[in-house]
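Letters A, B, ... mirror the listed sequences (proteins, then strands); counts begin at 1.
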Amino acid sequence: MTVVTRFAPSPTGFLHIGGARTALFNWLYARHHGGIFHLRIEDTDRVRSTDAAIEAIIDGLKWLGLDWDGEIVYQFARAPRHAEVANQLLAAGKAYHCYCSPEELDEMRKAAQAAGKPMKYDGRWRDRDPKDAPTGIKPVIRIKAPLAGETIVVDGVQGEVRVGNEQLDDMILLRSDGTPTYMLSVVVDDHDMNITHVIRGDDHLTNTFRQRMIYDSMGWDAPHFSHIPLIHGPDGAKLSKRHGALGVEAYRDMGYLPAALRNYLLRLGWGHGDDEIISTAQAIEWFDLGGIGRSPSRFDFAKLDNLNGHYMRQSDDTDLAKAVADTLGKANDAASVALLTRAMPGLKSRAKNLKELAENAGFYVQSRPLAFVEKAQAILVAPETVALLPKLIETYTAAATWQAAALEETARGFAEAAGVKLGAVAQPLRAALTGSTQSPPIFEVMEILGKGEALMRLGDALQIKG
RNA sequence: GUCCCCAUCGUCUAGUGGCCUAGGACACCAGCCUCUCACGUUGGUAACACGGGUUCAAAUCCCGUUGGGGACGCCA
């Protein structure tokens, strides 16, 4: 049997981090089994669904590297098929017309609330003669829920979950305007698309019982369900915008790498022994339902940052340089890209995301004169520096070779002759050449900048006034 | 409120009755490396929610309590 999974978001907002993880798990499970992964847009809510959201979801999945098989299924387009199933159930006597008004339902809800019970439709139209139907009122179609016994769902994550059937009510399948409800649409689509494994958020666990009623009434086999616990914010409360319920594009803009986010999301709620750094190929090989944890997990930016730093260090220098050049507005400047590529080994271990990387790399391609941070400025106007810098420039102007090791040797000799520590020479150089007090190793910086540029920057530093 | 789910270091987790004086990772603290900052490296602090059982033996099984989460729509 071929494994078929799906990711079925409703396009009412961006692809948030929880959805991204659900998509990842479904994708991984399908790829692991050499199966099929479908994307289905659940756009039956015509008011809240937007094209922009559909766009955001598609872009987000592409950015994350989660490719789906076949055409995207748009649920709304299948509404006639959903209605057909509802009518089939009606004809088979497994569903019925209900003429309850919204007001009646409201009363029922209030009464239930007052009695401390969950809202449950009382089935008042379940067994009434169709001849009693009032005229001028469009009915909904409700399913006949089982009255006794219990429904058991064997969940891939939660195990055996059971609920008494008296908890279930005759839910609506088809609205009075003839459109299908979510419960109906999902079941019909999952069946028609031959979905074998449904992996979705925990919030759907109780829905599963209701969906089972439809499968049973139609005589269809239900897919295998796995409900993964939700992601919470750092404070344990529901994930809010403030702590990470952002669209994946927000993570992209913050400078996170798709590979890092994939690894992070994988480990959030799934484990494979002590393994932490897991490549996507490895994840496909290892992913299983049994590794999914049962308790909700909290989103932790610190760990994401750490992972992102790791993947940055692993990344190709040219790729990184291109990305940095792009954010620095130098994408079409081949010389800058080349220079940044050479500088990347020293740069990439010092940033935890692409944004920081670009900020730290800026000095390399900035045009003179540089802007100085306060501390760098202070170093350059200090008497010691003022006394030392001209002679240092002289020494370097006379340098025969311009390689980091040689430049460092020169500085060491210079420091020794002046009776100061190497740092007393290196920090002024750093301030003058990078405009900052922190940078990659300064002699490496000098080499990459080149003799001409380096000496001009040093000359600029001479002009600085306190 | 009713129903359902969950519960190991601050966080993500390993653990499926003896290998547990509970392992790893992030974060944190200290040392090393060192021209700065990182990276790297060495070490450290830190957890089985609580109470009852079952068993020769329980983080692991059962019951209860507490705490968290989810679902209770002609939304998805």
Side-chain angles (χ1 to χ4, degrees), chain A residues 8-12 42-45 47-49 75 98 100 102 105 109 112-120 138 140-142 153 155 157-159 161-164 166-169 171-177 179-183 185-186 201-210 227 229-230 232 234 236-238 264 267-277 290 293-307 309-310 313 346-352 360 375 408 411-412 415 421-431 434 436-443:
Chain A
S10 54
T12 54
E42 309 217 320
D43 55 352
T44 53
D45 185 333
V47 180
R48 296 197 300 151
S49 296
Q75 192 163 60
C98 166
C100 263
L105 257 17
R109 209 182 325 272
Q113 218 159 43
K117 301 250 171 179
M119 161 60 178
K120 197 184 153 191
K138 290 210 165 150
V140 298
I141 293 180
R142 284 183 184 271
V153 169
D155 190 277
V157 174
Q158 312 291 353
V161 185
R162 50 183 72 209
V163 73
E166 71 281 357
Q167 303 292 333
L168 275 18
D169 70 352
M171 65 177 173
I172 294 173
L173 260 20
L174 210 62
R175 301 187 186 102
S176 50
D177 64 1
T179 59
T181 60
Y182 163 75
M183 294 291 176
S185 304
V186 173
D202 219 353
D203 48 340
H204 287 290
L205 182 57
T206 48
N207 285 338
T208 308
F209 296 110
R210 329 192 83 202
H227 289 91
L230 270 18
H232 290 172
K238 205 172 174 177
Y264 178 71
R267 282 288 290 106
L268 192 62
W270 182 84
H272 184 270
D274 284 342
D275 298 300
E276 296 288 347
I277 303 290
R294 285 194 242 241
S295 52
S297 39
R298 303 183 186 200
F299 193 87
D300 181 17
F301 269 105
K303 190 146 185 172
L304 210 209
D305 283 342
N306 174 272
L307 239 19
H310 172 84
R313 274 169 255 133
L347 246 19
K348 63 184 181 183
S349 68
R350 290 174 169 74
K352 56 181 191 287
N360 296 346
K375 280 183 181 170
E408 179 170 348
R412 284 188 189 278
K421 287 183 177 175
L422 180 59
V425 176
Q427 277 306 81
L429 281 174
R430 173 168 285 114
T434 72
S436 168
T437 56
Q438 300 169 9
S439 81
I442 197 59
F443 305 107

May I ask you to say what A:Met171 touches in the nucleic acid, namely base, sugar-phosphate or nothing, with a heavy-atom cut-off under 4.0 Å?
nothing

I want to confirm an ordering. Mapping A:Cys98 and A:Trp270 to their closest nucleotides on RNA chain B, which one lands closer to the 5' end?
A:Trp270

Could I get the full list of salt bridge (Lys or Arg N to Asp or Glu O under 4.0 Å) partners for A:Arg298, not counting sequence neighbours?
none

To the nearest Å, how far apart are A:Glu166 CD and B:rC72 P?
18 Å

Nearest 0.5 Å, please: how far is CZ in A:Arg109 from NZ in A:Lys120?
15.0 Å

Distance from A:Arg430 atom CZ to A:Lys375 atom NZ, nearest 0.5 Å?
13.0 Å

Taking the C1' atom in each of B:rC62 and B:rG24, what is the distance between them to the nearest angstrom?
31 Å

Integer-rounded Å distance: B:rG73 C1' and A:Leu174 CG:
16 Å

Taking the same atom, C1', in B:rC72 and in B:rG64, what whole-Å distance lies between them?
26 Å

Rounded distance (Å) that lies between atom C1' of B:rG73 and atom CG of A:Asp203
15 Å

Nearest-Å distance once atom P is located in both B:rG69 and B:rC61:
24 Å

Looking only at atom P, what distance separates B:rC9 and B:rC50, rounded to whole Å?
10 Å

Residues A:Asp45, A:Arg48: salt bridge by 4.0 Å N-O rule
yes

Can you check each nucleotide of nucleotides 23-39 of chain B against protein heavy atoms at under 4.0 Å and return B for base, S for sugar-phosphate only, - for none, in 5' to 3' order?
BBBSS-------BBBBS

Euclidean distance, atom NE2 of residue A:His232 to atom C1' of B:rG10 [Å, nearest integer]
17 Å

Applying salt bridge (Lys or Arg N to Asp or Glu O under 4.0 Å) to A:Glu42 and not counting sequence neighbours gives A:Arg40

Name the closest nucleotide to the A:Leu230 side chain, picking from B:rC74, B:rG70, B:rA76.
B:rG70

Inter-nucleotide P distance (B:rA47, B:rU55), Å rounded
31 Å

Distance, rounded to the nearest Å, where A:Arg48 contributes CZ and B:rG73 contributes P
15 Å

Residues in side chain to side chain donor-acceptor pair (under 3.5 Å) contact with A:Thr44, at least two apart in sequence or another chain:
none

For B:rU66, the Watson-Crick or wobble partner whose two distances fall under 3.5 Å:
B:rA7

Listed partners of A:Asp305 passing side chain to side chain contact (heavy atoms under 4.5 Å, CB included), at least two apart:
A:Tyr256, A:Lys352

Checking all strands, does A:His272 fall into the base, sugar-phosphate, or nothing category for heavy-atom contacts under 4.0 angstrom?
nothing

Under a 3.5 Å limit for both distances, which nucleotide forms a Watson-Crick or G-U wobble pair with B:rU21, could you say?
none

Paired nucleotide for B:rA14 [Watson-Crick or G-U wobble; both distances under 3.5 Å]:
none

Could you tell me whether A:Thr44 contacts a base, only the sugar-phosphate backbone, or nothing, with contacts defined as non-hydrogen atoms closer than 4.0 Å?
sugar-phosphate

Which residues pass the salt bridge (Lys or Arg N to Asp or Glu O under 4.0 Å) test with A:Asp155, not counting sequence neighbours?
none

Whole angstrom is fine here: how far is it from CG in A:Asp305 over to P in B:rC12?
16 Å

Distance, P atom - from B:rC28 to B:rG73, rounded to whole angstrom:
46 Å

Considering Watson-Crick and G-U wobble pairs with both distances under 3.5 Å, what does B:rC72 pair with?
B:rG1

Collect all protein-nucleotide pairs involving nucleotides 3-5 of chain B in which both atoms are nitrogen or oxygen and the distance is under 3.5 Å.
unit_1 : atom_1 : unit_2   : atom_2 : d
B:rC5  : O3'    : A:Gln158 : OE1    : 3.4
B:rC5  : O2'    : A:Gln158 : OE1    : 3.1

Pairing partner of B:rA30, by Watson-Crick or G-U wobble and under 3.5 Å for both distances, is B:rU42

Across all strands, who's sitting opposite B:rA47 as a Watson-Crick or G-U wobble pair, both distances under 3.5 Å?
none

In the structure shown, which nucleotide is the Watson-Crick or G-U wobble counterpart of B:rA58, with both distances under 3.5 Å?
none

Pick the C1' atom in B:rC19 and in B:rA7, then give their distance to the nearest Å.
25 Å

State which of B:rA76, B:rA7, B:rC74 makes the closest approach to the side chain of A:Arg109.
B:rC74

The criterion is side chain to side chain contact (heavy atoms under 4.5 Å, CB included); which residues satisfy it with A:His204, sequence neighbours excluded?
A:Tyr182, A:Arg200, A:Asn207, A:His227

Between A:Phe301 and A:Phe299, what is the ring plane arrangement, given parallel below 30°, perpendicular above 60°, and tilted in between?
perpendicular

Distance, C1' atom - from B:rA22 to B:rA30, rounded to whole angstrom
25 Å

What is the distance, to the nearest angstrom, from the CD1 atom on A:Ile172 to the C1' atom on B:rC72?
14 Å

Partners passing side chain to side chain contact (heavy atoms under 4.5 Å, CB included) against A:Ala415 (at least two apart in sequence or in another chain)
A:Val420, A:Val425

Nearest-angstrom distance from the residue atom CZ of A:Arg298 to P of B:rC12:
6 Å

Which value, rounded to the nearest 0.5 Å, describes the distance between A:Ile172 atom CD1 and A:Met183 atom CE?
11.5 Å

